[in-house]
Amino acid sequence: MSKTAIKQVTTKQNNIKIVLVSTMIGLSAGIVSVLYRLAISSAESISLTMYSYIEAHLQFVPILFIGLAIAGYLMGCVITKYPLTSGSGIPQVKGQILGYIKSNWFTTLIVKFFAGMTAIIAGLSLGREGPSIQLGASVAQGVSEKIGASNTEKRIFITSGASAGLAAAFNAPLAGVMFALEEIFRYFSPVVLLSTLVAAIVADFVSKVYFGISPVFDFEVTASLPISYYWLFILLGIFLGFSGVFYNLCIVKSQKLYKYISAINPKYKPILPFMIAGILGITLPIVLGGGHSIIHELSIENSMMYLLMILVIKFIFSMISFGSGTPGGIFFPLLVLGATLGAIFAKIAIPGLGLDAVLFYNFVIIAMAGYFAAIVRAPLTGIILLVEMTGSFSQLLPLIITSTVAYLVAEELNNKPIYDSLLENLLENHHIHQEPANRSKIVIERVVHIGANVENKYLREIQLPARCLIVAISRGENDITPNGDTFIKSGDILTFLVDTSNEIVVRQAIEQLLGD
């Protein structure tokens, strides 16, 4: 049998394995995400019922705040003992993929599930989507360990689990795939695409079996803005770009401010947001939780002052909630904030330019994607996510224009994507380092981009870091066995063999080599 034939057979066998394991991951992650989604929905109902009862029976206010203080302290004990379950979970998943973090998948799964539910019962301004991604990744880690997957396969399957978690949380399989590729794995290959796509589709199917096929957001978009007014989307993108940078700076600053509490006792950190949740639960319950109640309040009839009040209070409460490290995500809350910014922009633009009031929700939807692009710096994910969540393709061009402008503004301001900043803080705060040297290896694949430092150079001219080898080069349909005289071209896929003990340093060196 020829080399080509052997390669084709091996590839087919590997693809079959990828499909089977990814299906198992999608099914498992889908079930867990659906259960979490149901738990969070119940928690939100319990929270609103509890605060409504307290508002009608104010004599129980002291008991409420004593209970919230105790719950906040216990939450602090949990996240102090299990630091990898704090926050949204997306930075932890990124850290796993990059080799910075090793976690116990079962402990993470259990603690994240119940701690996240507790935070929502209290009313903290946190979402379910980040935790769903970490829950999906944890399930995938458990499956990959059971089947004895290699280190490289584990990374791929964990990425697929994250994709499945987001797909089930939002009923958005394509957004799940794109988020995994654009934000978590940050590398495209047929194998990664196959694995994430299969897992996301299966998880989405599980979600739709229970929740149905209705989109998450049921906005009435019955008209489109005339082309002559498309300059408004450029203005909206600029506005969202600056707003997104401000959001990122505030999130990072909130975590730093909480360090003062940590200096006293880190277990006290969640007490503050739990107590504030109690105050808002009695006075302004609409800002509690992820923000589903706010979405229903966004209309052209509501006053500008009312929208601004919701925006400011929700924003500050989100900073206080997330900065404490309490398990819960920023994903949905930031979309709600983006929607509110879009509503405010529409309240100015529609009467100011004499536009039809039916265009109000157009701006709301488009602003959500633009705000997401500026904060997360994953514009394609934001565009696809909003298309899937609203079930409408009619606003695709405005979504692209606004998201691209918002992304470029944030990039020009040299502001880091939020999950990169959160990962840096996580590693710094918890003193997470790579594990002691061992003999295990991992394969890293990277594409040589146009203008990369290694482009148009011979392999012998490239200085690789210690304990790192380029073991294969793929150029189109051809595989090249590398040697010193191999000439590197843009578009080549370089396969590096690396010691896991040296992985973090090598990844950084590779990024520099392949940078321009």
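Nearest heavy-atom pair across G26 and V202 is C-CG1, 3.6 Å. The heavy-atom pair separating R377 from N248 by the smallest distance is NH2-ND2, 3.6 Å. Pairing each heavy atom of G123 with each of F317, the nearest pair is O-CE2, 3.4 Å. Annotation for Q255 and N425: closest pair OE1-ND2, 2.7 Å, computed over non-hydrogen atoms. Taking all atoms of both residues into account, the shortest heavy-atom contact from L399 to A369 is CD2-CB, 3.5 Å. S421 and V252 get closest at one heavy-atom pair: CB-CG2, 3.8 Å.
Looking at heavy atoms from C-beta onward, F315 lies in side-chain contact with C250 at the 4.5 angstrom threshold. Taking 4.5 Å as the limit, some side-chain heavy atom of L386 sits within range of a side-chain heavy atom of L335. Using a 4.5 Å cut-off on side-chain heavy atoms (C-beta onward), F170 and E388 make no contact. For the pair P417/V376, no side-chain contact is recorded, criterion being any heavy-atom separation below 4.5 Å from C-beta on. Within the 4.5 Å cutoff, the side chain of M309 has heavy atoms near those of the I313 side chain. In this structure, the side chains of E297 and Y306 come closer than 4.5 Å at one or more pairs of heavy atoms. Contact of the F363 side chain with the L232 side chain is registered, since non-hydrogen atoms from C-beta on lie closer than 4.5 Å. With contacts defined as side-chain heavy-atom distances shorter than 4.5 Å, the pair E411/Y407 qualifies.
With no hydrogens or angles considered, a side-chain donor-acceptor pair links N362 and Q395 at under 3.5 Å. In this model, no donor atom of one side chain and acceptor atom of the other lie less than 3.5 Å apart for S33 and S132. Between T196 and S163, the side chains place no donor N or O within less than 3.5 Å of an acceptor N or O (distance only, hydrogens not considered).
Other residues, nucleotides and ligands place no more than 12 heavy atoms under 6.0 Å from the CD atom of E412. Within 6.0 Å of the NZ atom in K259, the count of heavy atoms belonging to other residues, nucleotides or ligands exceeds 12. The environment of CZ in F211 is crowded: more than 12 heavy-atom neighbours from other residues, nucleotides or ligands sit within 6.0 Å. Applying the 6.0 Å contact sphere to OH of Y268 captures no more than 12 heavy atoms from other residues, nucleotides or ligands. The local environment of CZ in F106 is sparse, with at most 12 non-hydrogen atoms from other residues, nucleotides or ligands closer than 6.0 Å.
Using cut-offs of 30° and 60° on the angle between ring planes, the pair F332 and H292 is parallel. Between Y36 and F113, the two ring planes are perpendicular [angle over 60°; tilted spans 30° to 60°]. Ring geometry for H57 versus F60: interplanar angle of 30 to 60°, hence tilted. Below 30°, between 30° and 60°, or above 60°: for Y247 and Y371 the angle between ring planes is above 60°, a perpendicular geometry.
When each of L337, L341, V409 is paired with S243, the side-chain contact (heavy atoms from CB on, under 4.5 Å) condition holds for L341 and for no other.
A salt bridge links E424 with K416; the closest basic N to acidic carboxylate O contact falls under 4.0 Å.
Although no hydrogens or angles enter the test, the distance criterion places a donor-acceptor pair under 3.5 Å between the side chain of N104 and the main chain of T107. Remark: side-chain polar atoms of Q134 are not paired, donor with acceptor, to backbone N or O of I90 under 3.5 angstrom. K269 contributes no side-chain N or O that, together with a main-chain N or O of Y258, makes up a donor-acceptor pair within less than 3.5 Å. Side-chain N or O atoms of S47 include one that pairs as donor or acceptor with a backbone N or O of I121 at under 3.5 Å. A donor-acceptor pair is defined here as one N or O able to donate and one able to accept, closer than 3.5 Å; no such pair exists between the side chain of Y210 and the backbone of L38.
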Evaluate the side-chain contact (heavy atoms from CB on, under 4.5 Å) criterion for residues L426 and L422: first the C-alpha distance (whole Å), next the side-chain angles of each, then the deciding distance (0.1 Å), finally the verdict. CA-CA 6 Å; L426 177 71; L422 293 177; over 6 Å; no

Step-by-step side chain to side chain donor-acceptor pair (under 3.5 Å) determination, T340 to K314: CA-CA 10 Å; T340 309; K314 182 65 176 177; over 6 Å; no

Test S321 against S125 for side chain to side chain donor-acceptor pair (under 3.5 Å), laying out the working first. CA-CA 6 Å; S321 297; S125 180; 5.1 Å; no

For the pair F331 and F372, evaluate ring-ring contact (aromatic ring centres under 6.0 Å, His included) and give the outcome as yes or no after the intermediate values. CA-CA 8 Å; F331 220 118; F372 181 89; 5.2 Å; yes

Any chance you could lay out the side chain to side chain donor-acceptor pair (under 3.5 Å) test for T85 and T108, step after step, and finish with the verdict? CA-CA 6 Å; T85 63; T108 299; over 6 Å; no

Begin from the C-alpha positions of R128 and S41 and carry the test side chain to side chain donor-acceptor pair (under 3.5 Å) through to its verdict. CA-CA 9 Å; R128 68 171 183 260; S41 296; 5.3 Å; no

Check against side-chain contact (heavy atoms from CB on, under 4.5 Å), I300 and Y361: CA-CA 9 Å; I300 192 72; Y361 289 116; over 6 Å; no

